[in-house]
Amino acid sequence: MSAAEGRPIRVALLGCGTVGGEVARLLTEQAGELAARAGAPVELAGIAVRRPDKHPELPPELLTADAEKLVTSDDVDVVVELVGGIEPVRGWLLAALEAGKSVVTANKALLAEHSADLFEAADAAGADLYFEAAVAGAIPLLRPLRESLAGDRITRVMGIVNGTTNYILSAMDSTGAGYAETLDEASRLGYAEADPTADVDGYDAASKAAILASLAFHTRVTASDVHREGIADVTAADLAAARMLGRTVKLLAICERVTDDDGVESVSARVHPVMIPRSHQLAGVGGAFNAVYVEADAAGELMFYGQGAGGAPTASAVLGDLVAVARNRVVGGRGPRESAHAALPVRPMGQTPTRYHVSLSVADRAGVLAQVAQAFAAHGVSIAAVRQSDVGDRASLVVVTHQAPDAALQSTVDEIGRLDVVHEVVSVMRVEGEDQ
Ligand SMILES: NC(=O)c1ccc[n+]([C@@H]2O[C@H](COP(=O)([O-])OP(=O)(O)OC[C@H]3O[C@@H](n4cnc5c(N)ncnc54)[C@H](O)[C@@H]3O)[C@@H](O)[C@H]2O)c1
Ligand SMILES: N[C@@H](CCO)C(=O)O
Ligand code: NA
């Protein structure tokens, strides 16, 4: 008997929409190859959808609206969850794990809040929990963090993890248009969802940052630990100011290991718009693509790039996980468990070292530069570069700082905005990707 003829691995598919539909298609079309790779046939035992009557393309005998019953069925070995959201999915997956089923999910919102409970249930039952599709879609990123880099010390994970906002910022950069206009166009073309809130306000990226920080730093980090700013306040003036200095604007998820002067380590996780040099590799990532930089002590810099969303690309990651858990079932082993042994504290945003780019319109007369410089000095912020150009009776003044605690930079900008000589604070943005 060949390995592919072992006892079938029976799969409950929860959700058959954009991603689930592709998973069901590929599972059927590639059944022979998947069986050979897994070491046993991988078969659909049932598919739960909200409205079974809306799915004439699926075998009626597999369809059910009762996900709760399906996940604990004796006929199921693995639950693949592609419904999304926290409730009722959390309860289904906990019940599945408690019943010894392995779980594969793409649900970043759930993992960013409840992965500790899910991992504990998986551990207690000796089951697997895999979620490669939850961050950066098709891009193999979580398995490299959990497995390939398990022997290294990761210091930083920084990247573009939301395609919708990257599409909007790329379009603003190339057309010079404002945010609202570009979002409307992205919605019309189908690049932004009907309700784009989770994407444009940074919630989606913050969930992904929490997952990345947890894996990279062996510490439990939840979405509420992540400082979050979306792109709704990014203006055409911000992009113009960036362009003038050979930079562009990206929404980045930045997860760092920060060591203070006393050698005490903590974790910082944040999502906000950032100016980066156009020469930086992340600057060249356009449209709905994702890219993530990982820095580790021994490995140095690594970059992961590809499609972060879409039915087929996301299904690729789901199926990779499904083959992995099926293999584990066939040989009686398990994949990696939760690794949270470092339990590092999470550093508040105000204490996180950042750099600012501040673009001002100021009165063009003696002493103005000194007043602005004094405001930075008063908050202990060191200036890295100043550029002034005259525009009629005003001057355009651009200041780029060295690293300082984010709270000190915020206070400086507040104070500068109140100076009589400052007519307008044109653009304030954090800077990444260049020497400090
Ligand atoms: N679409 C993407 O590009 C993408 C990328 C990465 C991760 N994800 C994640 O994958 C998951 C699924 O996303 P999607 O885009 O395929 O969503 P979708 O809205 O297209 O599909 C959701 C499916 O869930 C089913 N469903 C909803 N409520 C249900 C209920 N109570 N009982 C049974 N079934 C129910 C629906 O019938 C539908 O089939 C989400 O967690 C999402 O964050 C999606
Ligand atoms: N809405 C997400 C889908 C992938 O998680 C994005 O735009 O990247
Ligand atoms: Na991925």
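Values below: every heavy atom of this structure, side chains too, minus hydrogens, waters and symmetry copies. In each ligand, atom 1 is the first atom listed, and ligand 1 is the first ligand listed. Because the structure is predicted, anything quoted here is derived from the model rather than measured. The residues of the chain are indexed from 1 along the displayed sequence.
Open room surrounds CD on Glu193; 12 or fewer heavy atoms of other groups in view lie less than 6.0 Å from it. More than 12 heavy atoms of other residues, nucleotides or ligands sit less than 6.0 Å from atom CG of Asp260.
With waters left out, the protein N, O or S atoms under 3.0 Å from the Na ion (ligand 3) add up to 5.
No cation-pi contact links Arg156 to Tyr293, judged by a cut-off of 6.0 Å to the six-membered ring centre and 45° from its axis.
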Stepwise side chain to side chain contact (heavy atoms under 4.5 Å, CB included) test for Thr64 and Lys69: CA-CA 9 Å; Thr64 175; Lys69 185 166 168 212; over 6 Å; no

Stepwise side chain to side chain contact (heavy atoms under 4.5 Å, CB included) check, Leu344 with Arg257: CA-CA 9 Å; Leu344 296 173; Arg257 190 190 284 273; 4.0 Å; yes

side-chain hydrogen bond (donor to acceptor under 3.5 Å, both in side chains) between Arg329 and Ser102, intermediate numbers included: CA-CA 9 Å; Arg329 294 252 152 187; Ser102 288; 2.9 Å; yes

Chi angles and distances behind the side chain to side chain contact (heavy atoms under 4.5 Å, CB included) call for Arg243, Arg278: CA-CA 9 Å; Arg243 206 172 302 119; Arg278 280 187 186 274; 3.6 Å; yes

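The 4.0 Å heavy-atom shell around ligand 2 contains residues Lys108, Asn162, Gly163, Thr164, Asp199, Asp204, Lys208, Gly308, Ala309, ordered by chain and number. At a heavy-atom cutoff of 4.0 Å, ligand 1 is surrounded by Gly15, Cys16, Gly17, Thr18, Val19, Ala48, Val49, Arg50, Leu82, Val83, Gly84, Trp92, Ala106, Asn107, Lys108, Ala133, Ala309, Gly310, Thr314.
Applying the ring-ring contact (aromatic ring centres under 6.0 Å, His included) test to every pair with at least one member in residues 306-345, sequence neighbours left out, gives these pairs: His218-His341.
Thr197 and Asp195 form a side-chain donor-acceptor contact under 3.5 Å, judged by distance and modelled atom types alone. If you check the side chains of Tyr191 and Glu185, you find no donor sitting under 3.5 Å from an acceptor. Looking at Thr235 and Asp238, their side chains do bring a donor and an acceptor atom within 3.5 Å of each other.
In summary, of the residues considered (Thr105, Leu94, Val83, Val71), a side chain to side chain contact (heavy atoms under 4.5 Å, CB included) with Val89 occurs for Val83 alone.
A distance of 4.5 Å separates CZ of Arg7 from CG of Asp77, quoted to the nearest 0.5 Å.
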